[in-house]
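From a predicted model like this one, the values you see are computed outputs, not experimental measurements. Atoms considered below: every heavy atom in the structure, side chains included; atoms not considered: hydrogens, waters and symmetry mates. Residue numbers start from 1 in every chain, and the chains themselves are labelled A, B, ... in the order their sequence lines are given, proteins ahead of strands.
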Protein chains: 2
Amino acid sequence: MRSREYGQFCGLARAAEVLGQRWTLLILRDLLVGPRRFSDLVTGLPGIPTNLLSTRLRELEGDGLVTRELQAGQPRSVVYRATPRARQLAPALDELGRWGAATMRKPRDGEVVTDASLVAALRAAANPGGIPSTIRKVVYVVRSGTAIAHVTVRNASITVEPGECPDPDLVLVAGPNFRDLLAGELEPDAAVDAGAVALHGDDKLLAEFVAVFRVPYADPATNGDRAGPTTPGDHLAEG
Amino acid sequence: MRSREYGQFCGLARAAEVLGQRWTLLILRDLLVGPRRFSDLVTGLPGIPTNLLSTRLRELEGDGLVTRELQAGQPRSVVYRATPRARQLAPALDELGRWGAATMRKPRDGEVVTDASLVAALRAAANPGGIPSTIRKVVYVVRSGTAIAHVTVRNASITVEPGECPDPDLVLVAGPNFRDLLAGELEPDAAVDAGAVALHGDDKLLAEFVAVFRVPYADPATNGDRAGPTTPGDHLAEG
DNA sequence: CGGGATCCCCCGAGATACTG
DNA sequence: CAGTATCTCGGGGGATCCCG
């Protein structure tokens, strides 16, 4: 079998052949946030070798997941864009991201947060069922390290985009314990004093924010078992 | 950054560090079907080097996803088991499997179907909402190549397990166009004549089977766009 | 300056053989 | 049965170079 293949007629194996290549999952994560130029991707993926990025983009184009558009202008500009087929990956990447986030506590040495990773994390955490019925439109700006995203919550929709936004109702600057807040282990009232977040604006809106964005928290000590044994029926009867 | 790491404080990056290693996704797929011995895994993963399997199992044990139990007996036996934390991956792997299956048409040259891949595919395709209200208990056996699984459909539950089962109500032997049937592109009445399936037993139960197991079918020609442009709100506003 | 291509080194993966 | 040992080879990492 060729190097990246697995020799099985299996959906998961086919997915692994594409997504199992190093950096591919993060390239797609960034492209699902929006179209990006080569240099944008290099910036958003610190440490990626440029030759590998080039190779991956060509492979993804061949797999029908990315399109390549030449932009007018001098110096010339190339824009990479996720195809509809790649956008169908969003639910799977959200699941993977939530699973991976469940055991994250502190950044490892040298780990960074990028705009795209912040946007992806917030989109994966978004819970439309948590939108208060009283809301008309609220705009948040979220900062974590140097990463910035803005959130617009309306009656029945949550949108998350990278970067700043003028006139936000509330700016949240994530502190060391920010995830404890989103995991529900820290009450909104206590979050500022606990160093989870610093607020600029209408700080009463923080309670709405944590109602809308929730992350699970797996206990590593029990290998992730949080609420007793997994019952059959949770997910058919796997295991 | 160490070789498998990405240097980002991001749930998806953490997931990729574990699942992006070659063969890891398929090892977990097999272990989510049930506990397996080393030689079971070697059999279910044709082509995997035994030293790599050994390495991966040790890594997964270190990541808290697999436990290793010595079984009594001579020759000695070792059983590997997915931890609860690994079982939390099931929804993500199902999503990935459905995504990968959406563009599968025919097996590539030499591709096989294993018991575990058949079980995983059926579990990912299971749709409890499709269970007819008239059902009490129906048992199917499904064969695809040399792979065998059996399915039990009850009032509100679907279980899929590997291997045979005594006294099934209906045996389905998958033919070349079996997926067209599950994708809804082939009516149950026409399936046998079209070579999608051969039946042994109460063939009127086939309609119930296809109501319970559904797979999506992406059109490769349009890069996976099946029903017009993706509307914002389908998945927040990604893209 | 953006968008790559080229080069070299080395680690990780594949294949096979062998052992407690 | 359940791995380890050894070798080879391709792909990834890192730096540099190139071209419009």
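The bend of the helix from C:dC1-D:dG20 to C:dG20-D:dC1, defined by the angle between the axes of its first five and last five pairs, stands at 30° to the nearest 10°.
Donor-acceptor pairing under 3.5 Å is lacking for the side chains of A:Y80 and A:D40. Inspection of the A:Q8 and B:R29 side chains reveals an N or O donor paired with an N or O acceptor under 3.5 Å. In this model, no donor atom of one side chain and acceptor atom of the other lie less than 3.5 Å apart for A:T83 and A:R87. Neither side chain, B:Q88 nor A:R98, offers a donor N or O lying under 3.5 Å from an acceptor on the other.
To the nearest angstrom, C1' of D:dG13 lies 18 Å from CZ of B:R4. In this structure, A:I48 atom CD1 and D:dG11 atom C1' are separated by 14 Å, rounded to whole Å. In this structure, A:L45 atom CG and C:dG4 atom P are separated by 15 Å, rounded to whole Å. Following rounding to the nearest Å, A:Q71 (CD) and C:dG2 (C1') show an atom-to-atom distance of 13 Å.
Checking the phosphate oxygens (OP1, OP2) of D:dG12, a side-chain nitrogen or oxygen of A:R56 falls inside 4.0 Å. OP1 or OP2 of D:dG11 sits under 4.0 Å from a side-chain N or O of A:S3.
Look at B:R56 and B:E61 and you find no salt bridge, because none of the NZ, NE, NH1 or NH2 atoms lies under 4.0 Å from a carboxylate O. In summary, B:R143 and B:E164 engage in a salt bridge, as defined by a charged side-chain N under 4.0 Å from a carboxylate O. Between B:E5 and B:R14, no side-chain nitrogen of the basic residue sits less than 4.0 Å from a carboxylate oxygen of the acidic one, so the salt-bridge criterion is not met.
Proximity of A:I148 to A:V141: side-chain heavy atoms (C-beta onward) are separated by under 4.5 Å at one or more points.
A cation-pi arrangement, defined by a distance under 6.0 Å to the six-membered ring centre and an angle within 45 degrees of its axis, is present between B:R22 and A:Y6. Taking the ring centre of B:Y217 as origin, the terminal cationic atom of B:R105 falls inside the region bounded by 6.0 Å and 45° from the ring axis.
Looking at residues 7-27 of chain A, you'll see A:Q21, A:R22, A:W23 sit with a heavy atom under 4.0 Å from some atom of DNA chain D.
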### Query
Can you give one letter per nucleotide of nucleotides 1-9 of chain D, going 5' to 3': B for a protein heavy atom under 4.0 Å from the base, S for sugar-phosphate only, - for none?
SSBBBB---
